[in-house]
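The figures that follow rest on heavy atoms only: side chains count, while hydrogens, waters and symmetry mates do not. In the text below, chain A, chain B and the rest are named by the order of the sequence lines, each starting its count at 1.
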There are 2 protein chains.
Amino acid sequence: MTKHVLLIEDDLQMQQLISDYLDDFGYVTRAFANPKEALEHFYDDPKAYDVIILDLMLPQMDGFDVCKKIKACHDTPIIISSARGDIGNKIHGYELGVDDYLAKPYEPRELVLRIEAILRRAGRTESFQVGDFTLDTATREVTIEEYTVSLTKIEMDIFLHLLQNRSHAVSREQLIQAASLPLDTKNRTIDMHISNLRHKIGDDPKNPKYIRSLWGIGYKFIG
Amino acid sequence: MTKHVLLIEDDLQMQQLISDYLDDFGYVTRAFANPKEALEHFYDDPKAYDVIILDLMLPQMDGFDVCKKIKACHDTPIIISSARGDIGNKIHGYELGVDDYLAKPYEPRELVLRIEAILRRAGRTESFQVGDFTLDTATREVTIEEYTVSLTKIEMDIFLHLLQNRSHAVSREQLIQAASLPLDTKNRTIDMHISNLRHKIGDDPKNPKYIRSLWGIGYKFIG
DNA sequence: ATCAATTGTCAAGAAAAGTTCAAGAAGCAT
DNA sequence: ATGCTTCTTGAACTTTTCTTGACAATTGAT
């Protein structure tokens, strides 16, 4: 299931950078420089976004006000992205129900990690369907035609990443990242997880219905 | 397709380490310790490199200046590699259109991941059309009129090179280079790849629709 | 027409990448 | 601790891809 990010950031270059980066990780980002517009858009469908990234330094409106208004309407996770100088306001942020905090400048990768952490935290009891599968990220159970199996954490992470990029090639490196494994993890390890995963969802590598091996490239979920 | 990396790094040991590591992943790295020389080389052919890795702490020139000059000339992705102490300058970097950051010391593996992410972002040319064909370089699949075949890496490299030079003669030596094969590869090997390729795309050497043999010269893609 | 050079394809074996086993390590719950 | 599950990885095994010699077919030159 593709995750949607609402980005409220007035620095257009920063906006672009983050959008592109998140894009690489399979997120769909909608960005606004103007908080009023962002809020208007948010009100249209408060459940549309999985996480909101909010810059505190905004024109027209105080970032805290934006935060309050969002939280008053729907409990979408918020990550505050603010200049280092505003760090003093950190506590303040948490009081508003902010879920995480990043001081600029930060590494785009760091942001992705935070988002993932929050989504994992927030992704309670949420079960959704993709193709033949019904996945429950909370219990890590996958149901396929009346038949339910439980995946391990790593298997679930890998499965989700394959699903998020279905009909696209996914390298082992990407999967290592997606499952937050150490960077020096061997390829064999991924193969093994794929093997176990295939076994659990009843797939056959020689004649794959779901996960296809791409020689010298990685794997792909057949969409 | 081999990716080229321009490495600007004054620590020679670091330079060697990174070069070697990237080499393992199939990148061709050109390294400079001196930013002026690097820039001169860059100006020679600004499109020659797919990504530039730039150390901020350089002799003779400020890293930011290098960055600006590069970006002013051509929008090659830049990854800044800086000592942890310089992190404070990060925001400055973003303003310069830097694409990603790495704080030293870092794992070479991490660098490879960043490069791949950036190339993925930059190389969104993933799927494109040429004549009757739709090629997907990510999955190495070629579609021709509803019919899809997957090529091997070498076949894809050869096919791309033929396509890039369509209606021009291409020698076997060129194809050997294009597919990064050893220089002493026999001609028969290329013929065989061509044969397999023809078979996959449904071409007949005696009556070629796509790949024509040029006696004593090589092959050419009929445009 | 004859001949040498070049090309097409087969088939065999080498090399590379993928799959799985199995054993031990690491993590977790009781 | 103890037992259970999960994770990791080398090694064995399988499959795919690559390479190349062999030989027939084709081409161009004489």
**Message:** According to salt bridge (charged side-chain N to carboxylate O under 4.0 Å, His left out), does anything in residues 203-214 of chain B pair up with another residue at least two apart or in another chain? List the pairs.
**Reply:** none

Donor-acceptor pairs are to be reported for all side-chain atoms of residues 213-223 of chain A against protein atoms at under 3.5 Å, with residues two or more places apart or in another chain.
unit_1: A:Ser213; atom_1: OG; unit_2: A:Arg198; atom_2: NH2; d: 2.8
unit_1: A:Tyr219; atom_1: OH; unit_2: A:Arg172; atom_2: NH2; d: 3.4
unit_1: A:Tyr219; atom_1: OH; unit_2: A:Asp191; atom_2: OD1; d: 2.7

**Request:** Would you mind reading off the distance between B:Glu173 atom CD and C:dT6 atom P, rounded to a whole angstrom?
**Result:** 12 Å

**Request:** Using a 4.0 Å heavy-atom cut-off across all strands, classify B:Leu151 as base, sugar-phosphate, or nothing.
**Result:** nothing

**Asked** How long is the line joining CD1 of B:Ile190 and P of C:dG8, in whole Å?
**Response** 12 Å

**With B:Met156 via side-chain contact (heavy atoms from CB on, under 4.5 Å) - residues at least two apart** = B:Leu135, B:Arg140, B:Val142, B:Leu151, B:Leu160

**Complete:** Sorted by chain and number, sequence neighbours left out, side-chain contact (heavy atoms from CB on, under 4.5 Å) with B:Gln15 holds for B:Leu7, B:Glu9, B:Leu12, B:Ala31, B:Ala33

**Request:** Using chain B heavy atoms and a threshold of under 4.0 Å, write down where along DNA chain D the contacts begin and end, 5' to 3'.
**Result:** D:dT17 to D:dG28

**Prompt:** Which one of A:Ile80, A:Ile79, A:Ile8 satisfies the side-chain contact (heavy atoms from CB on, under 4.5 Å) criterion with A:Ile52?
**Reply:** A:Ile8

**Request:** Indicate for each nucleotide in nucleotides 19-29 of chain C, in 5' to 3' sequence, whether protein heavy atoms under 4.0 Å reach the base (B), only the sugar-phosphate (S), or nothing (-).
**Result:** BBBB-------

**Asked** For the ring pair B:His41 and B:Phe32, is the centre-to-centre distance below 6.0 Å?
**Response** yes

**Asked** Quick one: are the ring centres of B:Tyr27 and B:Tyr21 less than 6.0 Å apart?
**Response** no

**Item:** Nearest-angstrom distance from the residue atom CG of B:Asn187 to P of C:dT7
**Value:** 7 Å

**Message:** Quiz question: by atom type and distance under 3.5 Å, do the side chains of B:Glu141 and B:Thr139 form a donor-acceptor pair?
**Reply:** yes

**Message:** Output the rounded distance in Å from CH2 (A:Trp215) to C1' (C:dA16).
**Reply:** 9 Å

**Complete:** Whole-Å distance, B:Asp203 CG to C:dG8 P, equals 11 Å

**Prompt:** With a non-hydrogen cut-off below 4.0 angstrom, is A:Leu214 in contact with a base, only sugar-phosphate, or nothing?
**Reply:** sugar-phosphate

